[in-house]
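Structure, as structure tokens:
Position 1 is the first residue of the sequence, and the numbers go up from there. Quantities reported herein were computed from a predicted structural model and do not represent experimental measurements. Numbering of ligands and ligand atoms starts at 1, following listing order.
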Amino acid sequence: MAAVISAAGLARTFQTRSGPVEAVRCVDLTVREGEILGFLGPNGAGKTTTLRMLTTLLKPGGGAATVAGCDLATDAAGVRRASGYVAQSGGVDPQITVREELVTQARMYRLPKAEAVERAAELARELGLTELLDRKTGALSGGQRRRLDIAMALTHRPKVLFLDEPTTGLDPGSRADLWDLVRRLRDEHGTTVFLTTHYLDEADALADRLVVVDRGVVVADGTPSALKLAHGGSIDATLQDTFLAITGRGPAPTADTAPVAV
Ligand SMILES: Nc1ncnc2c1ncn2[C@@H]1O[C@H](COP(=O)(O)OP(=O)(O)OP(=O)(O)O)[C@@H](O)[C@H]1O
Ligand SMILES: [Mg+2]
């Protein structure tokens, strides 16, 4: 299947008072159309910085990438048309209602008023927000707010949806709903989903393929089973142990697993 996201040598350094921070040093990856990709890595590994570059919010310091055939450097508008982005922390205005937020977003995509109202209602139905349409966004619970963030990112029916820790802070029921939604988007609309998570059970259950970054570099890329086999010791390894082995933050070897010095 065709690659819908392709990045080569993507890099970004931030200048800070205490010196340069190489947030992303070299990210190479390919995501196929309709794939659910789990983008994993420890805190500070460079996941959000990569997502911000792939969604045109941040200029890469090096490398190149295309999203839905549009080049980040020469067709940022094309990339934005093709992508929806749910940031790690949502930025909704607490004083306006859910309905106003959804309609305003649709208007930003230049839908005429009547269509924007219609689209807002449709998104609210899809995300289970209909009962909350007249509530102020500042009064939403964490899970409800997350659903609103996702509804807003889906306004223009993007081909690619970038989700940065979409289920952090959600209760188990809301998390299961979100997994269903992600699968439905892929199955019914062919949406490609690029998501970061620190919940490895979630990555295991949801992602077709995993890319692990550490210190700004891709350190593993494969299906959950392939990574377990290659790094966790067996196909029955937990993704947690596999992840810890990949990122070198695993438990110290025990007496029976420690390599014998000869
Ligand atoms: N605007 C910025 N200015 C300076 N440093 C930054 C900036 N944004 C990110 N960084 C640094 O770049 C590194 C990567 O950050 P990033 O947010 O991409 O990590 P992450 O993988 O998303 O981590 P987390 O799992 O905690 O969300 C970190 O060391 C972070 O402090
Ligand atoms: Mg992050």
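Heavy atoms from other residues, nucleotides or ligands lying under 6.0 Å from NZ of K228 number more than 12. Few gaps surround CD on Q15; more than 12 heavy atoms of other groups in view lie less than 6.0 Å from it.
With 3.5 Å as the limit, one finds no donor-acceptor pair spanning the side chains of D214 and T247.
Closest to atom 14 (C) of ligand 1, if we only count protein heavy atoms, is G44 O, 3.4 Å. For atom 27 (O) of ligand 1, the nearest protein heavy atom (residue, atom name, distance) is Q88 NE2, 3.0 Å. Looking at atom 16 (P) of ligand 1, its nearest protein heavy atom turns out to be T49 OG1, 3.6 Å. With hydrogens left out, the protein atom closest to atom 11 (C) of ligand 1 is V21 CG1, 3.9 Å, a heavy atom. Distance from atom 9 (C) of ligand 1 to its nearest protein heavy atom, with residue and atom name: F14 CE1, 3.5 Å. For atom 12 (O) of ligand 1, the nearest protein heavy atom (residue, atom name, distance) is A23 CB, 3.2 Å. At the shortest separation from atom 26 (O) of ligand 1 among protein heavy atoms lies N43 ND2, 2.9 Å.
At least one protein heavy atom sits closer than 4.0 Å to atom 24 (P) of ligand 1. Protein heavy atoms are absent from the space less than 4.0 angstrom from atom 30 (C) of ligand 1.
Between H156 and Y109, the angle of the ring planes stays under 30°, which puts this pair in the parallel group of the 30/60° scheme.
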Please evaluate residues D164 and K47 with respect to the criterion salt bridge (charged side-chain N to carboxylate O under 4.0 Å, His left out), reporting the C-alpha separation (whole Å), side-chain torsions for both, the decisive distance (0.1 Å), and the verdict.
CA-CA 8 Å; D164 200 351; K47 300 179 299 297; over 6 Å; no

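Judged by distance alone, the side chain of R52 and the main-chain N or O of T56 form no donor-acceptor pair under 3.5 Å. Listed for the R107 side chain is no donor-acceptor partner under 3.5 Å among the backbone atoms of A116.
For the pair D177 and R147, the salt-bridge criterion is not met [side-chain N within less than 4.0 Å of a carboxylate O]. Of the charged side-chain nitrogens involved, at least one lies within less than 4.0 Å of a carboxylate oxygen, so that E122 and R157 count as a salt-bridged pair.
The minimum heavy-atom distance between A8 and D28, with the atom names listed, is CA-OD1, 3.2 Å.
When only interatomic distances are considered, the shortest N/O to N/O separation between G41 and ligand 1 does not fall below 3.5 Å. Among the atoms of A45, some N or O lies under 3.5 angstrom from an N or O of ligand 1. Annotation: R52 places no N or O atom under 3.5 Å from an N or O atom of ligand 1; distance criterion only. Some N or O of T48 is nearer than 3.5 Å to an N or O of ligand 1, by distance alone.
Atoms of ligand 1 found under 4.0 Å from any heavy atom of T16, numbered from 1 in the order shown, are 4 (C). Every atom of ligand 1 is numbered from 1 in the order shown, and the set under 4.0 Å from a heavy atom of E165 is 25 (O), 27 (O). Within the listing of ligand 1, atoms 25 (O) sit less than 4.0 angstrom from a heavy atom of H198. When each atom of ligand 1 is checked for a heavy atom of G46 under 4.0 Å away, the hits are 14 (C), 18 (O), 19 (O), 20 (P), 21 (O).
Among the backbone and side-chain atoms of T48, an N/O/S atom is found under 2.8 Å from the Mg ion (ligand 2).
Residue V103 is found in a hydrophobic cluster whose other members, listed by chain and number, are V117; membership requires side-chain heavy atoms under 4.5 Å apart, directly or through intermediates.
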